[in-house]
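Presented below is the structure to which this report refers.
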Amino acid sequence: MKLNERFVITINRELGSGGRTIGEKLAQRLNVPFFDKAIVQGLKEKYELTTEEIERLKGQKHNWWADFKRSLKIMPSYAAPQIISSKDAIPDFLITDDIFQTETEILKGIADDESCVIAGRSGFFVFRDHPNHLSILIQASLEYRISRLVEKRGISREEAQSIIKEVDTGRENYVKKYTGTSRYDTRNYDIVLNADEHTEEEIVELILQYIKKA
């Protein structure tokens, strides 16, 4: 991957592995925007974007996202998208074909306009043909994931384990439905990292070292 050209880094992660935070920290180090499910859904809902509206915008100009972003004054800072982030993201199992296609077009528009880091949203599949794309999977042991959720959310181990099981099933079904592959298939990624023995900062450093050597 070349940092001196427009790039996109996608991060798939297991709940409780710290993958989202790693993505945010990586975006900060690279000084590029960070997007995840909540942010993309927030964009779609806040500005009432649909596949039809995006096709209309694309028909006016190829790089529709750049004009759209300027009209809304969405700044190209990694922190800017957080303003429109939504904590009440639609669960993956409620995503429809139209929503998936709309979010895919939003992500492609973002990546066409500027370098970015994207967490989730089947990014490994959406950008599989992108000429400057790095795909990452962050995993962790079940015990690590449970302990992290217990600490971060203040819930019991039983609740944490139940949430992990539900989210894992939902995400896997979502990925299989829209990509025809498993999110656990390591052939979908350039880098697969286990978070158990590393801090988030150490993992970011490992990714940066890989990029520099690639």
Side-chain angles (χ1 to χ4, degrees), residues 1-2 5-24 26-27 30 32-45 49-52 54-55 58 62-65 81 85 89-140 164 166-195 203 207 210-211 214:
M1 195 190 81
K2 300 176 182 178
E5 299 178 10
R6 188 176 301 136
F7 63 83
V8 56
I9 298 174
T10 57
I11 298 179
N12 273 68
R13 77 281 190 204
E14 292 183 307
L15 179 67
S17 67
R20 186 187 186 282
T21 304
I22 290 167
E24 287 182 309
L26 180 62
L30 295 171
V32 299
F34 170 81
F35 296 88
D36 69 355
K37 174 173 72 175
I39 293 170
V40 173
Q41 289 182 2
L43 279 167
K44 178 181 67 64
E45 294 166 11
L49 289 172
T50 63
T51 50
E52 292 79 10
I54 291 174
E55 285 302 317
K58 287 169 68 176
H62 173 67
N63 196 350
W64 67 273
W65 173 259
S85 174
I90 302 171
D92 288 333
F93 63 84
L94 293 179
I95 296 293
T96 65
D97 291 351
D98 185 67
I99 291 175
F100 175 79
Q101 189 58 43
T102 299
E103 293 183 359
T104 296
E105 292 299 330
I106 290 173
L107 291 176
K108 287 182 176 179
I110 292 168
D112 281 345
D113 182 50
E114 60 188 335
S115 297
C116 57
V117 175
I118 297 169
R121 314 321 296 146
S122 299
F124 71 86
F125 179 80
V126 172
F127 296 105
R128 63 194 182 281
D129 296 322
H130 192 285
N132 202 22
H133 168 219
L134 181 68
S135 182
I136 302 169
L137 175 64
I138 307 294
Q139 295 182 306
I164 288 171
E166 180 180 355
V167 171
D168 280 355
T169 300
R171 287 180 177 174
E172 176 67 355
N173 290 340
Y174 171 90
V175 170
K176 282 185 174 179
K177 178 179 179 180
Y178 290 110
T179 73
T181 185
S182 169
R183 72 190 186 112
Y184 300 108
D185 187 339
T186 57
R187 292 172 295 183
N188 292 320
Y189 310 99
D190 299 299
I191 307 174
V192 179
L193 294 168
N194 187 301
I203 291 176
I207 295 170
Y210 176 90
I211 292 172

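What you see is a predicted model; the values in this text were computed from it and never measured.
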Considering residues at least two apart in sequence or located in another chain, which fulfil the ring-ring contact (aromatic ring centres under 6.0 Å, His included) criterion with Phe125? none
Taking side chain as C-beta onward, heavy atoms only, is Ile9 less than 4.5 Å from Val32? no
What one should report as the nearest heavy-atom pair of Ala140 and Asn194 is CA-OD1, 4.1 Å
Looking only at non-hydrogen atoms, find the nearest pair between Arg6 and Asn132 and report the distance. O-ND2, 3.1 Å
Calculate, to the nearest 0.5 Å, the distance between atoms CG and CD1 belonging to Leu26 and Ile211 respectively. 5.5 Å
Atom pair OG (Ser115) and CD1 (Ile110), whose distance is rounded to the nearest 0.5 Å: 12.5 Å
Asp168: partners by side-chain hydrogen bond (donor to acceptor under 3.5 Å, both in side chains), with sequence neighbours left out: Arg145, Arg183
Determine whether a donor-acceptor pair (N or O, by modelled atom type, separation under 3.5 Å) exists between the side chain of Glu14 and the backbone of Gln139. no
Please verify the inter-ring angle class for Phe100 with Tyr174; under 30° counts as parallel, over 60° as perpendicular, anything in between as tilted. perpendicular
How long is the gap from CD1 on Ile106 to CD on Gln101, to the nearest 0.5 Å? 11.0 Å
Can you tell me how far OH of Tyr189 sits from CG of Asn12, rounded to the nearest 0.5 angstrom? 4.0 Å
For Ala195 against Ile138, the heavy-atom pair lying closest together: CB-CG2, 4.4 Å
Heavy-atom distance under 4.5 Å between the side chains of Phe124 and Thr181, does that happen here? yes
Search all heavy atoms of Thr179 against all heavy atoms of Val175 and return the closest pair with its distance. OG1-O, 2.5 Å
Just to verify, what does Thr186 make a side-chain hydrogen bond (donor to acceptor under 3.5 Å, both in side chains) with, not counting sequence neighbours? none
Might you point out which heavy atoms bring Phe127 and Leu107 nearest each other, and give the distance in Å? CZ-O, 3.5 Å
Whether the side chain of Ser135 engages the backbone of Asn188 through a donor-acceptor N/O pair (distance < 3.5 Å, no angle test) should be reported. yes
Could you tell me whether a side-chain N or O of Asp36 sits under 3.5 Å from a main-chain N or O of Ala119, the two making a donor and an acceptor? no
Any side-chain heavy-atom pair from Ile118 and Val126 closer than 4.5 angstrom? no
How many angstroms lie between atom CG of Leu15 and atom CD1 of Ile164, to the nearest 0.5 angstrom? 5.5 Å
To the nearest 0.5 Å, tell me how far Met1 CE sits from Asp190 CG. 9.5 Å
Give me the atom names and distance for the closest heavy-atom approach of Arg20 to Phe34. O-CZ, 3.8 Å
